[in-house]
Structures are given as structure tokens and as C-alpha cells.
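One is the number of the first residue; the rest follow in order along the sequence. Computed from heavy atoms alone, side chains included, the values below leave out hydrogens, waters and symmetry copies.
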Amino acid sequence: MKGAQAWRLGSMGDMQILPGSRHRPPLKRPIWIISLVSLVCLFLVCAYIYPPQGSAACYVFSSRGCKVLTNWLPPSPTRELSDEEIASQVVIRDILSNPPVQSKNPKIAFMFLTPSSLPFEKLWDMFFRGHEGKFSVYVHASKGKPVHVSHYFLNRDIRSDEVVWGKISMVDAEKRLLAHALQDTDNQHFVLLSESCVPLHNFDYIYNYLMHANMSFVDCFLDPGPHGNGRYSEHMLPEVEKKNFRKGAQPGFDGKNCIADEHYLPTFFNMIDPGGIANWSVTHVDWSERKWHPKSYKAQDVTEDLLNNITSIDLSIHVTSEAKSERLVQPCLWNGIKRPCYLFARKFYPETVDKLMTLLNF
């Protein structure tokens with residue numbers, strides 16, 4: 001049937017004939033409306049891409065135009081960021097949001113944890129001299145504002161809080177130093193030092209040793225005894241399981257609680273990058289006296305033989321705290337090659353500074 005469409009409704013036998021559409025004159029298209037809408041759209045797109053710099057425009061167009069208003073407003077009062085805010089900014093902005101940075105000027109961050117002034121600042125000044133641009137300095141002074149004698153340390157103090165030996169505040173201070181050092185993307189290696197630490201080699205030796213190493217030098221081992229895994233608490237769950245709990249080389253004795261900084265970094269690195277740590281430290285410390293603090297060196301103890309003995313050590317030794325203690329010995333391997341272990345040493349009395357400067361003579 002011409003002029004009609006057949007549609008089946010209901011059963012096969014039912015047919016309904018719908019009338020065809022009547023002839024209608026063509027619609028008059030509102031050309032002026034289409035043109036106006038097109039012009040408005042084009043105007044808005046241009047305004048977004050090239051925002052006007054007038055103050056009135058910021059209420060209509062891109063918020064970038066509002067910068068004009070803020071130019072004459074007084075600056076917002078600044079405040080000191082908390083530790084958590086600094087750490088969060090570093091992690092989110094400078095680490096997670098960016099690809100790994102291959103620095104054209106890689107530096108070592110020397111992070112000093114001290115109660116107040118650094119007794120070996122003159123020695124460190126001699127160590128740094130002539131190597132500007134290859135290192136950064138950060139100082140966390142927990143008790144008093146340091147008095148600096150070296151220009152390398154001027155204005156390098158970070159905001160510091162009280163630190164109590166053996167408490168979690170020690171770990172907080174270490175993280176605070178690291179958070180500040182991470183803000184400089186040229187810092188590629190990070191060395192944590194106490195006020196009693198001294199370098200054992202010249203700058204070039206230490207720089208090349210660290211920069212060309214394929215691992216981090218974190219002291220870490222499994223101690224199944226009472227002063228290792230015996231210190232583990234289920235309160236650490238779910239973040240830390242007992243199988244992941246580790247310690248550094250510091251010994252433990254009855255009557256003392258868990259020393260936070262002895263376990264925090266070894267456990268942390270064992271969990272996130274067990275294959276990326278050497279399991280020994282590049283800082284020498286003598287625990288042979290089996291006391292709560294390592295052996296300290298006075299002026300009469302500092303000799304050329306002492307320094308030679310320390311710098312020739314190429315084995316890392318750990319002793320477990322079991323009743324029948326086990327002596328764990330491993331070679332110090334640098335990129336698979338056996339080399340001397342130590343770049344730094346502690347614990348030296350301030351009175352040794354002049355003698356050390358004469359013997360080391362960087």
C-alpha cells in the first residue's frame with residue numbers, strides 16, 4: 001500500500017493500518033540562534049585558554065584570572081609545618097608523584113643527630129673542604145642551639161624536638177632529618193651520624209664508596225634470643241609480623257626495655273627491601289665491653305694503629321642473645337667484592353679532635 005506502513009500488533013492475524021504523515025512545509029531553521037550559541041561557545045573556550053587579566057573576569061572565567069586580586073592582598077601568615085606535614089609533602093610531591101630522578105649533581109646528605117654543638121665540627125670542616133656541591137648538611141640539635149665554627153654548618157639546623165635515648169623520640173628525630181634531606185632531589189645517599197662520629201677516610205674515598213655501591217648499608221640481623229625476637233610484641237601487628245622483626249648490632253641485657261632505634265630501621269628495610277641492604281653498617285662501633293653503651297675513645301686511645309686496625313676490618317660480626325649465643329660472621333661485600341667495612345667510627349670524646357685532625361690529615 002502506497003502512502004501507509006503496515007505494523008503488526010497483537011496476534012499474527014491482526015493488522016492495523018496507520019495513516020501516513022501528512023505533507024508539511026519545511027521548518028524555518030532559527031539560523032540566528034545557532035550562530036549566537038556558536039559564538040558564545042567559542043568565546044568561552046578562548047576565555048578559558050587565554051584568561052583575561054582583569055579583576056572582574058575572575059568571577060566568570062578561569063580561576064587563573066583571579067591572580068590579579070591576590071597580587072595586592074597582604075601575604076597569608078606563614079607557619080612552621082609539623083613533622084607529619086613535611087614528611088607527607090616530601091613523600092607525595094617529591095617521591096610518589098615523580099619518576100626516579102637521575103641527578104646530574106649527586107650528593108651525599110650528612111645528617112647529624114646531636115644534643116647541641118658538634119664537638120668535631122672542625123674535623124668535618126677539614127673533611128668537606130674543597131668538595132662543595134657534592135654534599136648537604138643537616139643538624140638536629142635536641143637540647144640546645146648549636147654554636148657553629150664551620151660555614152658548612154651555618155643555617156643547616158632543622159627544627160628539633162627533645163630526644164630521649166632508647167625511646168621512639170630517637171626514631172622521630174631520624175625521620176625528621178631524612179624528611180628534610182629528601183627535599184633536595186640531588187641527595188642520593190643519606191648518612192646518619194651522631195655527635196661522636198668521625199670520618200675515617202678522605203671525602204673522595206667515602207663519596208665513591210657510597211655513590212657507586214649497589215646497596216644501602218643498614219645493620220640488620222635476626223636474633224632469636226631474648227634481646228632480639230624476645231622483644232617483639234603483638235601490639236606491632238598487623239604492620240610488623242614477628243618473622244620480619246630485626247635488630248642492629250647494639251647488645252641487650254636483662255632489666256632493659258626494647259631500644260626503639262635499635263630495631264626500627266633494620267625491621268623497616270628488611271620488610272620493604274631485604275635484598276637492597278648489606279646487613280652491616282659503614283660506621284664502626286666497639287661493643288666488646290658488653291655494656292649498654294659502646295667503648296669510648298679518649299685522647300690517649302687515639303693512635304695511628306687504632307685507626308689502621310679499624311679501617312682494615314673486612315668482616316661483619318653479630319652475636320645473638322640466646323643462652324648459647326651464636327657468632328654470625330659475614331664478609332663485607334661491596335658490589336660483590338670483599339672490601340674494608342667502615343667509613344666512619346664512633347664513639348670519640350671531644351678531647352680527641354686535635355689528635356684526629358693530625359692523624360687523619362685529609
Are [X] and [Y] connected in the hydrophobic side-chain network, where two residues link if heavy atoms are under 4.5 Å apart?
X    : Y    : value
V139 : F120 : yes
V149 : V198 : no
L222 : V218 : no
V191 : Y209 : yes
Y207 : F110 : yes

Could you verify whether a donor N or O on one side chain and an acceptor N or O on the other, from H318 and D223, lie under 3.5 Å apart?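 Judged by distance alone, the side chains do not pair up.
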
Residues forming a disulfide bond (SG atoms under 2.5 Å apart) with C341, sequence neighbours excluded: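 With sequence neighbours excluded, C341 shows a disulfide bond (SG atoms under 2.5 Å apart) to C332, given in chain and number order.
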
Donor-acceptor pair, distance only, cut-off 3.5 Å: does the side chain of [X] make one with the backbone of [Y]?
X    : Y    : result
N335 : H212 : yes
H227 : S321 : no
S160 : A141 : yes
D286 : K295 : no
T311 : N308 : yes
N208 : D204 : yes
D273 : F269 : no
T320 : E326 : yes
D186 : S103 : no

Step through it carefully: locate the ring centre of W124, locate the ring centre of F112, and say whether they are under 6.0 Å apart.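 Under 6.0 Å, so yes.
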
Mind checking whether Y138 and H180 have ring centres under 6.0 Å apart?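 No: the rings miss the under 6.0 Å criterion.
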
Nearest-0.5 Å distance, CD of residue E351 to CD of residue Q300: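 The CD atom of E351 sits 6.5 Å away from the CD atom of Q300.
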
With rounding to the nearest 0.5 Å, note down the distance linking CD1 in I317 to CZ in F221.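 Going from CD1 on I317 over to CZ on F221, the span is 12.0 Å.
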
I need the full list of ring pair (Phe, Tyr, Trp, His ring centres under 6.0 Å) pairs touching residues 340-362, with sequence neighbours left out, sorted by first then second residue.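 For residues 340-362: F127-F362, H284-Y342, Y297-F348.
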
Please determine whether a side-chain nitrogen of the Lys or Arg among K167 and D172 lies less than 4.0 Å from a carboxylate oxygen of the Asp or Glu.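 Salt bridge between K167 and D172, a charged N being under 4.0 Å from a carboxylate O: no.
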
Residues in side chain to side chain contact (heavy atoms under 4.5 Å, CB included) contact with T267, at least two apart in sequence or another chain: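 For T267 the side chain to side chain contact (heavy atoms under 4.5 Å, CB included) partners, ignoring immediate neighbours, are V240, F245, R246, H263, M271.
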
